[in-house]
Amino acid sequence: MRLRFGLGQNVPIEGAGKRLNFINLLRLSISERVESMENYNSMEIEGKWQNFWQRNNSFKPETDSDKKKYYVLEMFPYPSGRLHMGHVRNYTIGDVIARYRMMCGFNVLHPMGFDSFGQPAENAAIKRGIVPKEWTEGCIELMVKELKKLGFSYDWDREIATHKPEYYRWNQWIFKRMFDCGLAYKKKSPVNWCPLCKTTLANEEVIDDACWRCKTEVVQKDLEQWYLKITEFQDVLLEDLNTLYDWPQRVRTMQSNWIGKSFGVEIYFRETSTDKVISVFTTRQDTIFGATYVVIAPEHQILKEIIKGKPEEKQVLDFISKVSKKSKVVRSSTDVKKEGVFTGCFAINPVNNEQVQIWTADYVLIGYGSGAIMAVPAHDQRDFLFAKQHSLPLRIVIKDSRHPDLEQQDLTCAYEGNGELINSAQFNGIDNNSAKLKIVDWMEQDKIGQKKVCFKLRDWLISRQRYWGTPIPIIYCKNCGIVAVPDQDLPVKLPENIKISGKGGSPLSAVKEFINVVCPKCSGEAKRETDTMATFVDSSWYFLRFCSTNSKDALFVKDEVNYWMDVDQYIGGIEHAVLHLLYSRFFTKFFKKQGLLDCSEPFRKLLTQGMVKKDGEVMSKSRGNVVDPDEMIKKYGADSLRVCILFAAPPEDGFNWNEKGTDAAWRFLNRVWTAVQRFLKLKALAKCEQNLEFDSRLKFKMHTTIKKVTKEFNVGFKFNTVISSIMELVNEIIPALSIAELKQVYSKMLENAIDSVVLLLSPIAPHICEELWELLGHKKGIINAEWPKYEIKALAQDEINLIVQVNSKVRAKIILPANIGEDELKSKVLSNDKIKQWVKDKPIKNIFIIKNKLVNIVV
RNA sequence: GGGCGAGUGGUGGAAUGGUAUACACGAUGGACUUAAAAUCCAUUGGCCGUAAGGCCAUAAGGGUUCGAAUCCCUUCUCGCCCACCA
């Protein structure tokens, strides 16, 4: 038999009597000590150490340090005034990593700030009749308090808030640099408009055709707006994704899909009556001989020109206006039938001079490619459905090897696979993929088409018709046109005491003293731009500001940015996979091109943490299922909350909140607390220190735990299993402690094991560990203590528990000396009684040996 | 429609080719207590068996392998992302 609860795990104890005896002895000692042990007081301890850290500037990075730098950053919050569990999870993960790195001797930068511009402040201001600034700063104060209560290791001297002029003036400065080189520009075009927020939205902010913030359906409006030319960097933004191998694959895929680079050909069709050229974009030039009609987007300029005077003109114009009224959702829905009309015009397919009909249809988009397509119904499902609906001809040009004799009239769906070309003149017989290149070459030679690369990425629309944001530093002058505000006049300050009606339009346009200015060029009358910048501008470079927060005459100090960047570990939610993370990459690349910094990517490693839900649903005020972290702190303490949130699931997975978890975490911390108290008492009373029988087991467990924990803190970040393995070590220490108490002696090994638990746990539960570390007699604080190291030697056990299988089924477990010779091992295994029973006199076919672990005898 | 990921006890989860269910939660029984809470001890995937022990089980089915939760194929279910992108 074996003793389950501790040291005896691998040690067989003969006879039940001995076991009972042992347990009874343990019980005695337990009941004796329980009376004198108190639970730990989280409130008192947490306050004590938070003050200590603050007094000692414990988390201030060194200047001119010869230590290796480590920059760990969590996505900064919007100051809503209340911390939610998602924040707690995000910041706890970051804090554990930061504290671990500090203990490993890195010079760690771990800052925090607030993304404090944005609409909720305006809404709250309207609701409460106060100004957004007041509301925002009140919220920041509350959140700082809560963050401090969780004991996060931030250097608060670097705190930033984006609504402050000393921050947003640099947004304006950046905008101006972009304006100077044509990367910030104004154009009129259809934009996404949220009727509820009464503002424009970037493409990235439109989710399922609805506003990302309020979920209202977005409409299209034709407006003149400011854009940032992110497309200038589209190639490098795509290529450099390959250098981000420490990003989750799916984030890279999402960005790559968003940028959406595709290689194709632009082919020129001529309209027969006007001789106008209609360019179509395709990636399937191999099917050009199967193009049986052309479709132009209803919004296409050329459409109105070619239909002029045709009998079909009216029906086409009616169709255009009908489509313009359709919402984007309806239009793009895949289960709604595609609508279109014949234009009465014809085009010549340049590869065979065939005359084909020109149609216009709502399934062709103006915004992508050339806004016109060649339709190949035999090999494109959308074209196929449309052709069937309108009885348009089709022609098979790729042979489907599974149905080689299929006639076109028998097709039930488009064949989109590969195969040999047919009905394709000189290209017949060639495999369609190799034909692609040949056809492009031929088209370029004959000037009927040319290679073209298309991107889905659009320029970034940054104008917002809102008040609570960075004013765009532009002045409109009657004489000089668009004039940028001179650098010496920055920041263009947001007027602070202003009434927000919420009635729409930029609130700034009502502030006379703001809009009316003198033109910096001609000193004539001029007006300011009243739109503000999207808040994603603020967060696109805040990680750079943290490197030199107080820089007064530049957005950052180049040397400091070059020292700290890139961010070694970035942590945040997956919802920013394309928004913030793409914009930040864009800004970084722009700065590099301007010579402002040296790094080309902002975030080397990215961890996207999962959502904290309640009963399978997102926690939200409207659902009324919000769990307040502050209440949990009051009830159990910050350390318990931190342990709980990390223990529940691996960081990348979502999980359901369960208060039982905090309770369990609290019990675990108490077990550690009690164990240390018992040890201290024992050490004080002990007659002597000597080696004890559990030492070697404890040593092995301690070193394997250090190894496992260290590994996870470096890569993987599976904090749930980190905590389990620390729990296992504690579960080993407690019975050892009982034995030591009985004998009234302690061993150095026991002390080391206890020290290790406190050290390993300290990044996760820093307050209690600081307290215990001090109680254990260590000076200068655990944050300055050295991270424990494991000895490779100690990981080897003298004895191993060998699993013996017969025909792959476990039949015996034998304790053998480690590194036993193969022959000796075989003879020991085969002479084992249980194994003998299973093998009997069957001939042994093979024996597989996994060293120090397992033997499989095949009979 | 396309892409990516996942499916393991009553629950959260562990194990990434070698003892399936670590560590917790919950549950049940017990100790302590006047009692409760807390704490401690024991049991806890299913089936058969007094026990020793045996058999079965990682969504379903098949394959590779001495050996599969893990690799491959098929199917189902769920989640996330993208989606008329030519």
Side-chain angles (χ1 to χ4, degrees), chain A residues 4-5 23-24 26-27 29-31 33-35 37 39 207-208 248-251 253-254 256-258 260-262 264 280-285 287 295 297 331-336 338 361-365 367-376 380-383 385-386 416 454-456 574-575 577-578 610-611 644 647-650 652-661 663-665 667-668 670-671 674 718 720-728 730-731 734 738 801-813 834 845-850 853-859:
Chain A
R4 196 191 165 265
F5 66 95
I23 289 172
N24 285 341
L26 284 187
R27 276 198 190 135
S29 85
I30 288 159
S31 58
R33 84 176 190 251
V34 161
E35 292 157 44
M37 291 301 162
N39 289 330
I207 314 287
D208 293 333
Q249 183 57 51
R250 65 181 185 133
V251 176
T253 308
M254 280 161 80
S256 152
N257 290 341
W258 188 264
K261 186 179 191 177
S262 54
V280 303
F281 175 73
T282 184
T283 54
R284 291 299 306 272
Q285 64 274 18
T287 63
V295 191
R331 188 171 164 187
S332 62
S333 152
T334 38
D335 26 83
V336 171
K338 304 311 169 198
D362 59 0
Y363 79 100
V364 174
L365 306 174
Y368 185 73
S370 56
I373 62 152
M374 62 174 207
V376 186
D380 182 290
Q381 185 61 16
R382 292 158 302 178
D383 296 342
L385 291 173
F386 193 78
E416 293 178 329
C454 265
F455 286 85
K456 289 186 202 170
I574 187 81
E575 67 272 18
V578 275
M611 287 251 253
C644 163
F647 187 54
E652 313 223 50
D653 295 0
F655 75 91
N656 274 317
W657 174 258
N658 180 359
E659 200 184 317
K660 281 274 187 314
D663 200 56
R667 285 203 303 250
F668 165 62
N670 253 310
R671 271 158 65 76
T674 314
K718 291 230 153 89
N720 56 332
T721 57
V722 163
I723 294 169
S724 324
S725 45
I726 299 173
M727 282 172 171
E728 283 182 52
V730 173
N731 290 348
I734 288 173
S738 299
N801 199 359
L802 189 78
I803 310 300
V804 187
Q805 299 181 325
V806 179
N807 285 344
S808 314
K809 295 217 166 199
V810 179
R811 296 302 180 188
K813 293 170 190 182
K834 279 187 192 157
K845 279 192 201 153
N846 211 340
I847 299 181
F848 291 86
I849 301 172
I850 310 298
K853 208 169 201 180
L854 179 137
V855 174
N856 188 10
I857 303 162
V858 183
V859 296

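Here is how names work: the chains are called A, B, and so on, in the same order as the sequence lines, proteins then strands, and each is numbered from 1.
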As a test of reading the structure: which of [options] is closest to the side chain of [X], going by heavy atoms?
{"X": "T721(A)", "options": "G53(B), A15(B), G54(B)", "answer": "A15(B)"}
{"X": "E728(A)", "options": "G18(B), C23(B), A15(B)", "answer": "C23(B)"}
{"X": "Y368(A)", "options": "A86(B), U19(B), C23(B)", "answer": "A86(B)"}
{"X": "Q805(A)", "options": "G13(B), U19(B), C23(B)", "answer": "U19(B)"}
{"X": "N720(A)", "options": "A14(B), G18(B), G26(B)", "answer": "A14(B)"}
{"X": "V810(A)", "options": "A86(B), G26(B), U19(B)", "answer": "U19(B)"}
{"X": "I850(A)", "options": "C25(B), G18(B), C81(B)", "answer": "G18(B)"}
{"X": "L854(A)", "options": "A86(B), G12(B), U19(B)", "answer": "U19(B)"}
{"X": "F647(A)", "options": "G26(B), G12(B), A14(B)", "answer": "G12(B)"}
{"X": "N856(A)", "options": "A14(B), G67(B), A86(B)", "answer": "G67(B)"}

| said: Closest-nucleotide mapping onto RNA chain B: is N807(A) or R671(A) further toward the 5' terminus? I mean the 5' end. | reply: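 Between the two, 5'-proximity favours R671(A).
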| said: I want to confirm an ordering. Mapping S370(A) and V858(A) to their closest nucleotides on RNA chain B, which one lands closer to the 5' end? | reply: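 This one resolves to V858(A).
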| Pairwise C1' distance, U8(B) and A15(B) [rounded to whole Å] |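 Between the two C1' atoms, the distance is 10 Å.
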| Using the ring of each side chain (for Trp, its six-membered ring), is F281(A) parallel, tilted or perpendicular to Y368(A), with breaks at 30° and 60°? |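 Because their plane-to-plane angle is over 60°, the rings of F281(A) and Y368(A) count as perpendicular.
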| message | Below the 4.0 Å mark, does A24(B) have OP1 or OP2 next to a side-chain nitrogen or oxygen of N731(A)? | response |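 Yes, because at least one side-chain N or O of N731(A) sits under 4.0 Å from OP1 or OP2 of A24(B).
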| query | Does R667(A) make a side-chain N or O approach to OP1 or OP2 of C25(B) shorter than 4.0 Å? | reply |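 Yes, within the criterion.
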| query | So what does K809(A) hit on the nucleic acid, given a heavy-atom distance under 4.0 Å: a base, only sugar-phosphate, or nothing? | reply |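 Touches sugar-phosphate only.
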| task | State, yes or no, whether a side-chain contact exists between I574(A) and R250(A) at a heavy-atom distance under 4.5 Å. | result |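 Of all side-chain heavy-atom pairs linking R250(A) with I574(A), at least one is under 4.5 Å.
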